[in-house]
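The structure appears right after this line, and notes come after that.
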Amino acid sequence: MVRTRFAPSPTGYLHIGGLRTALYAYLFAKKNNGKFILRIEDTDLERYVPGAVEIICRTLKDAGLTYDEGPDVGGDCGPYMQSERKDLYMKYAKQLIDSGDAYYCFCTKERLEQLHKDGAVKYDKHCMHIPREEAEKRIAAGEKYVIRQNIPEQGSDTYTDLVFGDITVDYKELEDNILIKSDGMPTYNFANVIDDYLMGIDYVIRGIEYLSSTPKYNLLYRALGWRLPKYIHLQPIMRDERHKLSKRYGDASYEDFIKKGYLKEAIVNYIALLGWSGKNDTEKFTLAQLEEAFDLEGLSKSPSVFDENKMRWLNSLYIRELDEETFHKMALPFYEKTERLKGYDLRFLSSLLHSRCEVLTDVDRLTVFLDEFDGYDLTLFENKKWKTDGDFALKIIPALKEALKAEDLHAALEKVADNGGYKKGQVLWVFRIAITGNAVTPGGATEMAKLLGRDKCMERLCESEKRLQAR
Ligand code: GLU
């Protein structure tokens, strides 16, 4: 049975890179009828951000990445919070000390700093030579200690990464990293091995930053007599060619994108493409389709660049697919945030905006004309196609005001054209500019009139007329 996991540290919002790792682990499990597990790696107390675990759980569920086991849903391999597994790590650390694969270390911060100043690039195994009995006495006497991994001085490890192929690392390049810190907590370097094994994880899917430290973990698996998992390392997502997408640059988290008016389906779809592609050119995938289509062969060996325009485009496709009612419901919270929309017929507005929004926050951009009217640029009346200009507008505005009183506005505007010997388009152009002050509006002349209401239209026609006279 395939078991994969997502193992985030609770350090804040779930950003796009983290969500992508989770998505691939989820998809690989689903594709293989396996299980997807959420484990919270909260052993670094200094980086812990309160509330972050809730955000992670909430985001995964909201995005549809349902985990089969995890801190809030339980499972047979819990607890799923590393901080609650503290005693367990110590047990295995002691086993490694027994076999000579780890040792107690008492070096002070000052000694380590000195070592570094003297040019050492890694820890010098100083404490490895302390006899076990003496070390235990010092610990019993209350001396502070850590436990370090004992990396062989000779040799190398080769393992196969399912994306990058064979990876060989010389042990000389590896350091005797700390496995258990002085506060008794394990480091990532230790806990990932213990937990991945005890949780039955057979495919480890994680960021490329762990590619070259994996041989250290392999040493631990072997020392404990455990089978090795298979590894899938993922290239980073870049902000541009040189910079990684990272929280530090203020790049968005899942929840930020939701706030910006992206649909979760579109976010999930887009991030699936940041490092994976299907067998044909298809780019639009629902989560269910991804569960079918996902494969390791499609994973990219090179980094991908986050392109918000592309995500907007995908989002617009998902918005178009919504039925009118759903679009309206989803747009409502965004209308509520847009002060100027108070009092307008929002259902009617939805029918206009549905085909024009790329993201739901576009409801703001697309309705600016509702309160920005004074001082619009009068040259907007100049239209080459329709051969209209300010003089023409001024000439027909009285007729437009009359037409506005008619029951059927559209027919009345057509009549204005017929009576004057103009083209319909000329009249509609002038009318639309005169009531909106905008060349681009989320609908045609009569739709804009319906939205604004007759009184407002009359007011604006008069205002436009005055401004044209005053030119
Ligand atoms: N806690 C690690 C991180 O957030 C997890 C890496 C892994 O998936 O093994 O980077």
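What you are looking at is a predicted structure, and each value in this text was computed from that prediction instead of being measured. First listed ligand is number 1; within each ligand, the first listed atom is number 1.
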What donor-acceptor contacts under 3.5 angstrom involve side-chain atoms of residues 326-334, with partners at least two apart or in another chain?
{"unit_1": "Thr326", "atom_1": "OG1", "unit_2": "Asp323", "atom_2": "OD1", "d": "2.8"}
{"unit_1": "Thr326", "atom_1": "OG1", "unit_2": "Asp323", "atom_2": "OD2", "d": "3.2"}
{"unit_1": "His328", "atom_1": "ND1", "unit_2": "Ser350", "atom_2": "OG", "d": "2.7"}

Can you list, pair by pair, the side-chain donor-acceptor contacts under 3.5 Å of residues 30-38, counting residues two or more places apart and other chains?
{"unit_1": "Lys31", "atom_1": "NZ", "unit_2": "Glu292", "atom_2": "O", "d": "2.9"}
{"unit_1": "Lys31", "atom_1": "NZ", "unit_2": "Phe294", "atom_2": "O", "d": "3.0"}
{"unit_1": "Asn32", "atom_1": "ND2", "unit_2": "Phe28", "atom_2": "O", "d": "2.8"}

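Taking a 4.0 Å cut-off on heavy atoms, Phe6 fails to register as neighbouring ligand 1.
Using a 4.0 Å cut-off between a side-chain N of Lys or Arg and a carboxylate O of Asp or Glu, Arg227 and Asp202 do not qualify as a salt bridge. Between Asp157 and Lys216, no side-chain nitrogen of the basic residue sits less than 4.0 Å from a carboxylate oxygen of the acidic one, so the salt-bridge criterion is not met.
Ligand 1 has a nitrogen or oxygen under 3.5 angstrom from a nitrogen or oxygen of Ala7. Considering backbone and side-chain N/O atoms, Asn192 never comes within less than 3.5 Å of an N/O atom of ligand 1.
Listed by number with element, the atoms of ligand 1 under 4.0 Å from a non-hydrogen atom of Arg206 are 7 (C), 8 (O), 9 (O). If you number the atoms of ligand 1 from 1 as listed, the ones under 4.0 Å from a heavy atom of Glu41 come out as 1 (N), 2 (C), 5 (C).
Taking all heavy atoms of Tyr210, Tyr217, Tyr231, Tyr188 into account, the minimum distance to atom 3 (C) of ligand 1 is reached by Tyr210.
Residue Arg5 touches ligand 1 through its side chain alone, judged by heavy-atom distances below 4.0 Å.
A cation-pi arrangement is absent between Arg138 and Tyr145 under the rule of less than 6.0 angstrom and at most 45 degrees off the ring axis. Note that Lys264 lies outside the cation-pi zone of Tyr254, set by a 6.0 Å cut-off to the ring centre and a 45° limit from the axis.
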